[in-house]
Colleague: 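Sharing a structure below in structure tokens format, with a few things to ask.
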There are 2 protein chains.
Amino acid sequence: MNSKDIKQAGLKVTLPRTKILKILETASAHHLSAEEVYRALLDDEGAIALATVYRVLTQFETAGLVIRHNFEGGQAVFELDDGKHHDHMVCLRTGKIVEFHDEIIEQRQRDIAKQHGFTLSDHALILYGEFDETNS
Amino acid sequence: MNSKDIKQAGLKVTLPRTKILKILETASAHHLSAEEVYRALLDDEGAIALATVYRVLTQFETAGLVIRHNFEGGQAVFELDDGKHHDHMVCLRTGKIVEFHDEIIEQRQRDIAKQHGFTLSDHALILYGEFDETNS
DNA sequence: AAAAGGACGCTCTTTAAAAGCATTGAGCCA
DNA sequence: TGGCTCAATGCTTTTAAAGAGCGTCCTTTT
């Protein structure tokens, strides 16, 4: 995931885009809201306008570089799209997000869609709850 | 689902609340946004203020009378809570929503949560796609 | 190196949702 | 049943996330 990807998406390679991509790669939390990306770049000399962050993230989403999630809580969060589909567990206490993938569930979803004459293009499975103290 | 439920929720039985509940019961679409509820009551002599619709729906949600869903598309939708949990298939072409329930998936979710030391309090599974012409 | 069009930053706008406040009305009790 | 109290309503204003408009700047391409 580097400037080559930006170019292949038909976008010019600019400092804001490079920085935003890097933040998404290196941030400890792998799921960031637009505001969080913005704040992460505030320290950095040469901050990026919030409007640009929104614009770039939407462009990255369209280009397939990142995935936008609409979890509960109003703010959308973004993560790099590594091509490997996964679902999410969201801790309502700490905000921690853990990814998982389960082929049994995936297969059932495909079966159910088929039974209903439904052509699946995407799906979202989110588990809400709380991690044990030890895990959080 | 009637005025008794409203009262048991600790809310006064008022015309707006009764009307909103009835709309949710009788509307052909079982998933309505706040705006849709509002518009459904516009014909009706004695319209209800939009602010009241938002307020009442949130109160109903807190009281456990309705469930709020954050599907893609910005607007939250509401449905009566009949106590029977189910998931959703959302047609991206027509907006049609079909409910389903699958015990295999439910069980897998519980197993996965357990494996991760995660106490499940809620979950959302939404399949996005398109229904066949015949079904839509 | 220069031309051309996309990208940036700033500000303003949009939209869903909720808050504030004065008025109205439900519900309880004498 | 009539009145009293506090919750509920309607109207307006506000908030927050997200995006649009526009003038200037900077990538990119030749």
Side-chain angles (χ1 to χ4, degrees), chain A residues 2-23 31-42 44-63 65-79 95, chain B residues 2-23 31-42 44-63 65-79 95:
Chain A
N2 52 36
S3 49
K4 213 168 277 179
D5 300 284
I6 297 178
K7 190 167 279 178
Q8 284 186 343
L11 301 169
K12 288 185 179 171
V13 179
T14 64
L15 207 54
R17 285 179 181 149
T18 309
K19 280 182 180 176
I20 290 172
L21 209 50
K22 183 171 288 177
I23 287 292
H31 298 75
L32 296 173
S33 68
E35 298 272 347
E36 283 169 339
V37 171
Y38 171 69
R39 283 201 303 273
L41 291 166
L42 270 188
D44 208 288
E45 192 50 54
I48 293 174
L50 184 55
T52 301
V53 175
Y54 276 108
R55 206 165 20 204
V56 168
L57 285 173
T58 301
Q59 291 163 339
F60 282 180
E61 185 196 11
T62 304
L65 294 181
V66 308
I67 301 177
R68 179 196 301 253
H69 296 289
N70 294 294
F71 297 154
E72 283 182 21
Q75 250 144 322
V77 296
F78 299 82
E79 68 170 321
Chain B
N2 53 36
S3 49
K4 213 169 278 180
D5 299 284
I6 297 178
K7 190 167 281 181
Q8 285 186 342
L11 300 169
K12 287 184 180 174
V13 179
T14 64
L15 208 53
R17 285 178 182 151
T18 309
K19 281 183 180 176
I20 290 172
L21 209 51
K22 183 172 287 176
I23 287 293
H31 298 76
L32 297 172
S33 68
E35 297 272 347
E36 284 168 340
V37 170
Y38 171 69
R39 284 201 303 273
L41 290 167
L42 271 188
D44 209 287
E45 193 52 55
I48 293 174
L50 184 56
T52 302
V53 175
Y54 275 108
R55 207 164 20 204
V56 169
L57 285 173
T58 301
Q59 291 163 340
F60 282 0
E61 184 196 12
T62 304
L65 296 179
V66 308
I67 301 176
R68 180 197 301 253
H69 295 289
N70 294 294
F71 296 153
E72 283 182 22
Q75 249 142 323
V77 296
F78 299 82
E79 68 171 321

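Side chains are part of it too, since the values below use all heavy atoms of this structure and drop only hydrogens, waters and symmetry mates.
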Colleague: Return the value, rounded to whole Å, for the distance between atom CZ of B:Phe60 and atom C1' of C:dA17.
Modeller: 18 Å
Colleague: Work out which heavy atom in B:Lys19 is nearest to a heavy atom in B:Gly46; give both atom names and the distance.
Modeller: NZ-O, 3.0 Å
Colleague: Is there a side-chain polar atom (N or O) of B:Thr52 under 4.0 Å from OP1 or OP2 of D:dG10?
Modeller: yes
Colleague: Whole-Å distance between D:dG10 P and B:Ile20 CD1?
Modeller: 9 Å
Colleague: Base, sugar-phosphate, or nothing: which does B:Ala34 touch, judged by heavy atoms less than 4.0 Å apart?
Modeller: nothing
Colleague: How many whole angstroms separate atom CD of B:Gln59 from atom P of C:dA17?
Modeller: 16 Å
Colleague: Classify A:Leu50 by what it touches in the nucleic acid, base, sugar-phosphate, or nothing, heavy-atom distance under 4.0 Å.
Modeller: nothing
Colleague: Looking at side-chain heavy atoms only, is the closest gap between A:Ile48 and A:Val53 below 4.5 Å?
Modeller: yes
Colleague: What nucleotide among C:dA17, D:dT9, C:dC8 has an atom nearest to a side-chain atom of A:Arg17?
Modeller: C:dC8
Colleague: Expressed in angstrom and rounded to an integer, what is the separation of A:Lys19 atom NZ from D:dC26 atom P?
Modeller: 13 Å
Colleague: Taking CZ from B:Arg55 and C1' from C:dT24, how many angstroms apart are they, rounded to a whole number?
Modeller: 13 Å
Colleague: What's the NE2-C1' distance between A:His69 and D:dA17, to the nearest Å?
Modeller: 18 Å
Colleague: Given D:dA18, C:dC8, D:dT9, identify the nucleotide with an atom nearest to the side chain of A:Gln75.
Modeller: D:dA18
Colleague: What is the separation between atom CD on A:Glu72 and atom C1' on D:dA16, rounded to the nearest whole Å?
Modeller: 18 Å
Colleague: Which nucleotide in the set D:dT9, C:dA17, C:dG9 lies at the smallest distance from any side-chain heavy atom of B:Thr14?
Modeller: D:dT9
Colleague: Does any non-hydrogen side-chain atom of B:Arg17 lie less than 4.5 Å from one of B:Gln59?
Modeller: yes
Colleague: Using side chain to side chain contact (heavy atoms under 4.5 Å, CB included) as the criterion, point out the one residue from B:Thr58, B:Leu57, B:Val77 that pairs with B:Arg68.
Modeller: B:Thr58
Colleague: Without decimals, in angstroms, what is the distance between B:Lys12 NZ and C:dT24 C1'?
Modeller: 11 Å
Colleague: For A:Leu15 and B:Val13, take the nucleotide of DNA chain C holding the closest heavy atom to each; which residue's nucleotide lies nearer the 5' end?
Modeller: A:Leu15
Colleague: So which heavy atom on A:Tyr54 is nearest to which on A:Ala34, and how close?
Modeller: CE2-CB, 3.5 Å
Colleague: On the nucleotide D:dG19, are OP1 or OP2 found under 4.0 Å from the side-chain N or O atoms that A:Tyr54 carries?
Modeller: no
Colleague: Heavy atoms under 4.0 Å, any strand shown: does B:Ile48 hit a base, just sugar-phosphate, or nothing?
Modeller: sugar-phosphate
Colleague: Looking at every strand, decide which applies to A:Leu11 at a 4.0 Å heavy-atom threshold: base, sugar-phosphate, or nothing.
Modeller: sugar-phosphate
Colleague: Look at all strands and tell whether B:Thr58 reaches a base, only sugar-phosphate, or nothing, counting heavy atoms closer than 4.0 Å.
Modeller: sugar-phosphate
